[in-house]
Amino acid sequence: MKLTKRNENYSKWYNEIILKANIAEKSDVRGCMILKPYGFAIWEKIQSILDRILKSTGHENVYFPLLIPKSFLSKEFNHIKGFAKECAVITHYRLKNLNNKNLIVDQSSHLDEELIVRPTSETIIWNSYKRWINSYRDLPILFNQWANIIRWEMRTRFFLRTSEFLWQEGHTAHSTKKEAINHTKKMLNIYTNFVENFFSIPVIQGRKTSSEKFAGAEKTFCIESIMQDGKSIQIATSHFLGKNFSKAFDVKYTTKKGKKKYVWATSWGISTRLIGAMIMTHSDDKGLILPPKIAPIQIVIIPVYKTQEQLHLIEKIVFPFKASIEKKGINIKYDKRTYYTPGWKFNEYEIQGIPIRITIGKKDLDRGTVEVVRRDTLEKKNISIKKLETFIPKLLYKIQDNIFKKALKRKEKFLLKVDSYEEFKKKIKTNSGFIFSHWDGTSETEKKIKFETNATIRCIPINLTSKLGKCIFSKKKSKQRVLFAKSY
RNA sequence: CGGGAUGUAGCGUAGGUUGGUUAUCGCGCCUGGUUUGGGACCAGGAGGUCGUAGGUUCGAAUCCUAUCAUCCCGACCA
């Protein structure tokens, strides 16, 4: 029943918390998980908030097919090189019945052209942009789609890496390079605000090195965050695709002056991985800690009573309070199940990370108070019933703020400037975290450091500037420091 | 694909070397009752192709062979 402690076995803790909080389960399909109602409700929160943000910044939702003809995928050389090794391929379209028991693939139904289950949708979308874009008047196109993706992963972990995952992918088309680059950065900022404001996860913005960038992109920007175990995770990416896809799919527009020009592109995405990052950022040894803005249930009320009269008196307080708090758009659950004891419920809702728990029983009735417990600090307070309605929204705000500050402190603690390779190796081994060091800019050095230490360059940070220096590994000239870390 | 391990009730397991009644225990589930302020208790009950197929044997969860699946470590990927 008890959760493994973080410092005993971090990844075991992570798996258990997901199972015990009823967020997700492994499925019988290798590498694919089942999102249970509580977990899917978190995804729905992500969808509804981000969808609103995307629409308010001029994006429109579309939906393209799950299946992509093989020929589309092979049009952009770097793109296919990056994805070829993890594609699910559909080769047949019919089964037949063998001796009324077993189904077998009907070999006569082989497809002339195999279909790929989308690992991302640039190709199938740009194939349509070719038809939709003729004039400068058709630009920009700012489309987004909510979809599932298949990437055939060898080794999977709940939310962090699964063969099938859910995401949104934005695909935009622009008339100028400048506009496309600006849009790439704009999306990075949108993601940053979204993750920091709603998830209370502080991030670092940066650019990927050429070996880490998206296959088919000119430049890949990302937001990275450090988890409680000192490992870094990429939370979102935004790509400047240059003219790579417009050239591959021959997408040109006519300028005002009548010239034909290739279209500039961006793509960007955030996935169910964000849920994994949220769990690892905030949760503790007692279970999940959900940011109030993301928690599907923000408050739970637990009655403690012996007689029906007591229950009646409790509900005379609970029902009006519940109704008025719901009017403020706060989700509140009243749990009066009798087959679980209050103690059982306390533990259950702690595992589920519900931000505020209110207990009301005979003692409270006598005093005219309720017991309010906040999940992030586990602090208990008796609050008078009269003040409750103003107290609760403020407390939700405080919790959101407190977990952000806590994560921010950790981010600072885990960011170290290191100038010697010996120290670098030591730090990576012992407490990990982000190590801010000089790099000569070559893939060879990057590879060697990865081979020797397991740390990779997570990004070249945008907002952390640094002076010229010497590469920590090769001692060659370095333009700026980059962030190294072990990663998920 | 290489190296290792494991498959027994919904979950976690005992038994296996040394084959022998009705396959063990805990959690969970169902019924009744007492409980309810930090994972309640008592009594009763349901639930099993022992991964699958074949073999050895009077007799197989146990021994043998094959096969499938899963997990861990590599490789691959990020």
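Quick note: numbers below take in every heavy atom, side chains included, and nothing from hydrogens, waters or symmetry partners. Letters A, B, ... mirror the listed sequences (proteins, then strands); counts begin at 1.
Between the side chains of Thr369(A) and Arg367(A), a donor-acceptor pair is found at a separation under 3.5 Å.
For G15(B) and A60(B), the C1' atoms lie 13 Å apart once the distance is rounded to whole Å. The same atom, P, is picked in G45(B) and in C25(B); the two are 13 Å apart, to the nearest Å. On the P atoms, A5(B) is 24 Å away from A61(B), given to the nearest whole Å. Here, G19(B) and U56(B) have their C1' atoms 11 Å apart, quoted to the whole Å. For the P atoms, the distance linking U21(B) with G16(B) amounts to 13 Å, nearest Å. When the P atom is used for both U13(B) and C71(B), the distance is 15 Å, rounded to whole Å. Straight-line distance between the P atoms of U65(B) and G12(B): roughly 28 Å, to the nearest whole Å. Atom name P, nucleotides G3(B) and U8(B): the rounded distance is 25 Å, in whole Å.
Across all strands shown, U6(B) is found opposite A69(B) as a Watson-Crick or G-U wobble partner, with both distances under 3.5 Å. Across the strands present, U22(B) finds no partner; the criterion is a Watson-Crick or G-U wobble pair with both atom distances under 3.5 angstrom. Nucleotide C77(B) is matched to nothing when pairs are restricted to Watson-Crick or G-U wobble geometry with both distances under 3.5 angstrom. Under the Watson-Crick and G-U wobble criteria, each requiring two contacts below 3.5 Å, nucleotide G28(B) is left unpaired. G38(B) is unpaired under the criterion used here, namely a Watson-Crick or G-U wobble arrangement in which both key atom distances are under 3.5 Å. For C63(B), the paired base is G55(B) (Watson-Crick or G-U wobble, both distances below 3.5 Å).
Comparing Val370(A) and Glu153(A) by the nucleotide of RNA chain B whose heavy atom lies nearest to each, the residue mapping closer to the 5' end is Val370(A). Closest-nucleotide positions on RNA chain B for Tyr488(A) and Lys380(A) were compared, and the one nearer the 5' end corresponds to Lys380(A).
Picking from C77(B), G37(B), G38(B) the nucleotide with the shortest atom distance to the side chain of Arg161(A) gives C77(B). The side chain of Pro342(A) has U36(B) as its nearest neighbour among G38(B), G39(B), U36(B).
Nucleotide G38(B) holds its C1' atom 16 Å from the CD atom of Gln352(A), rounded to whole Å. The NZ-C1' distance, from Lys306(A) to G37(B), rounds to 8 Å in whole Å. The separation between Gln310(A) atom CD and U36(B) atom P is 10 Å, rounded to whole Å. Atom P of nucleotide G39(B) and atom CG of Leu3(A) are separated by 17 Å, given to the nearest angstrom. One can place CG of Asn9(A) at 12 Å from P of C72(B), the figure rounded to the nearest angstrom. Between Ile314(A) atom CD1 and U36(B) atom P there is a gap of 13 Å when expressed in whole angstrom units. Atoms CG (Asn15(A)) and P (G12(B)) sit 14 Å apart, rounded to a whole Å. Per the geometry, CD belonging to Gln234(A) stands 16 Å off P belonging to C77(B), to the nearest Å.
Using a 4.0 Å cut-off, some side-chain N or O of Thr341(A) falls inside it from OP1 or OP2 of A40(B). Using a 4.0 Å cut-off, no side-chain N or O of Arg30(A) falls inside it from OP1 or OP2 of A69(B). At the phosphate of C76(B), neither OP1 nor OP2 sits under 4.0 Å from any side-chain N or O atom of Lys85(A).
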Could you walk me through whether Phe484(A) and Ile449(A) pass the side chain to side chain contact (heavy atoms under 4.5 Å, CB included) test, one step at a time? CA-CA 10 Å; Phe484(A) 287 90; Ile449(A) 292 176; 3.9 Å; yes

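Salt bridge status for Lys363(A) with Glu371(A): absent, with no side-chain N to carboxylate O gap under 4.0 Å. Using a 4.0 Å cut-off between charged side-chain N and carboxylate O, Lys5(A) and Asp285(A) make no salt bridge. Salt-bridge formation is detected for the pair Arg374(A)/Asp376(A): a Lys NZ or Arg NE/NH1/NH2 atom is positioned less than 4.0 Å from an Asp or Glu carboxylate oxygen.
Counting any heavy atom pair closer than 4.0 Å across all strands shown, Lys336(A) reaches no nucleic acid atom. Counting any heavy atom pair closer than 4.0 Å across all strands shown, Arg157(A) reaches no nucleic acid atom. Residue contacts shown for Lys345(A) are absent, as no nucleic acid heavy atom lies under 4.0 Å away.
Atom CZ of Phe77(A) sits in a sparse spot, with 12 or fewer heavy atoms from other residues, nucleotides or ligands closer than 6.0 Å.
A donor-acceptor pair under 3.5 Å is formed between the side chain of Arg151(A) and the backbone N or O of Pro119(A).
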